[in-house]
Amino acid sequence: MSVLAPTPEAFLAAWVAASDARDAAALAQLFAPPTLVAHRSGARVLADEAMVLKALTGVVSRWAAKGIARHAATAVRIDRLSADFAEIHLIWDLRDADDEPIQSPQSSYVLRRASDGFWRLAALIEHSDGTGG
Amino acid sequence: MIAKPEDFFASYLAANNAFDVARIAAHFHVPGAVIFADRTVINENAEAHRASLETVIGRIRAQGVVRYDLLVQEIDRLSMDFAQGHVEWRLFDGEDKALLRVFTTYVLRRDEALGWRIAAILEKGSERL
């Protein structure tokens, strides 16, 4: 099934749905590699679709291990920077199946509108992992 | 080392006006990304980055550009370690005529040892004057 986001808002909705489903393949369709993932201590590059899928498979495994079942986006700010660029800034409220809070990471998503008109992730900024560490 | 995001752009503008690749490169983290509307260029290491800068500077100088000016429209502090600046460049020729406006967003990351440097550039578009 294709995961396509015609707007930045649709991107966020698709991201939440794929995250709650722990569907790495669906999440991967929202990327436009090469994608820079910047974090507090450096950055890494997901050079192609295979690297994106591998990284996301690891991410969803970690979510499962931690019992993360629900991804709620809070403090959401969507900025349209130009016709082809937008950013989503948010704080995730990650909860388990009993609705207990687990983690609240802060992230920014740099989106680019591709030639097919759909929005995909060009860069990800991980401000914090939300564990207080 | 640049200690505040507010001080970043004056330093970056001066380095660009010197057309000094080493000084310009010192404003970047590696790996870093330059994100265009149709593609992303990743500079994986310092050597690749310097080569990329040499190419860009050569292309700009070939258009007769001798000077830059930079208008910082907004600096947005995203978190303790990340900020971004939305800027408008103006590129001038030898008769001080503005040739080009370029609209760019810089994502800056703070490193304890290196200070504030560019993590990613968003090339939003340009307009010939």
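FYI, side chains are in, hydrogens and waters are out, and symmetry mates aren't considered; it's all heavy atoms of this structure.
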Is any side-chain N of the basic residue among B:D76 and A:R77 closer than 4.0 Å to the acidic one's carboxylate O? yes
OG-CD distance between B:S79 and A:E126, expressed to the nearest 0.5 angstrom: 11.5 Å
Part of B:I35 within contact of chain A (heavy atom distance under 4.5 Å): both
Start with the C-alpha gap between B:L78 and A:H127, add the side-chain angles, then the distance that decides, and say whether side chain to side chain contact (heavy atoms under 4.5 Å, CB included) holds. CA-CA 8 Å; B:L78 300 174; A:H127 299 280; 3.4 Å; yes
Taking atom CD of B:Q63 as the centre, report whether more than 12 heavy atoms of other residues, nucleotides or ligands fall under 6.0 Å from it. yes
So does B:Q73 have more than 12 non-hydrogen atoms from other groups sitting under 6.0 Å from CD? yes
Would one find more than 12 heavy atoms of other residues, nucleotides or ligands at under 6.0 Å from atom CD of B:E95? no
B:V30, part contacting chain A, at a heavy-atom distance under 4.5 Å: neither
At what distance, to the nearest 0.5 angstrom, does CZ of B:R39 lie from CZ of A:R112? 9.5 Å
Measure distances from A:S41 to the heavy atoms of chain B and classify the residue's part below 4.5 Å as side chain, backbone, both or neither. backbone
Separation between CG (B:D81) and CD (A:Q106), nearest 0.5 Å, reads 10.0 Å
Counting only heavy atoms closer than 4.5 Å, note whether B:T40 contacts chain A via side chain, backbone, both or neither. both
Interatomic distance, NE2@A:H89 vs CZ@B:F82, rounded to 0.5 Å, equals 12.0 Å
Cluster check B:F8, B:W89: I/L/V/M/F/W/Y, side chain < 4.5 angstrom: yes
Less than 4.5 Å to any heavy atom of chain B: does that hold for the side chain of A:L81, its backbone, both, or neither? both
Considering only heavy atoms, which portion of A:A38 lies under 4.5 Å from any heavy atom of chain B: side chain, backbone, both, or neither? both
Heavy-atom closest contact (B:P31 atom, A:L36 atom, distance): O-CD1, 4.0 Å
ILVMFWY cluster, A:V110 and B:I121 together (side-chain gap under 4.5 Å): no
Answer with side chain, backbone, both or neither: which region of B:F36 has an atom nearer than 4.5 Å to a non-hydrogen atom of chain A? backbone
Heavy-atom neighbours of B:E47 CD exceed 12 at 6.0 Å: no
Greatest number of non-hydrogen atom pairs under 4.5 angstrom with chain A, of B:G32, B:A33, B:A37, falls to B:A37
For B:E123, is it the side chain, the backbone, both, or neither that has a heavy atom closer than 4.5 Å to a heavy atom of chain A? backbone
Do B:Y68 and B:F9 share a hydrophobic cluster (ILVMFWY, side-chain heavy atoms under 4.5 Å, transitive)? yes
Spell out, yes or no, whether B:I118 and B:L114 are grouped together once hydrophobic residues are joined by side-chain heavy atoms under 4.5 Å, including indirect joins. no
Shared ILVMFWY cluster between B:L53 and B:I2, side chains joined below 4.5 angstrom? yes
Using non-hydrogen atoms only, which part of B:Q84 is less than 4.5 Å away from chain A: side chain, backbone, both, or neither? side chain
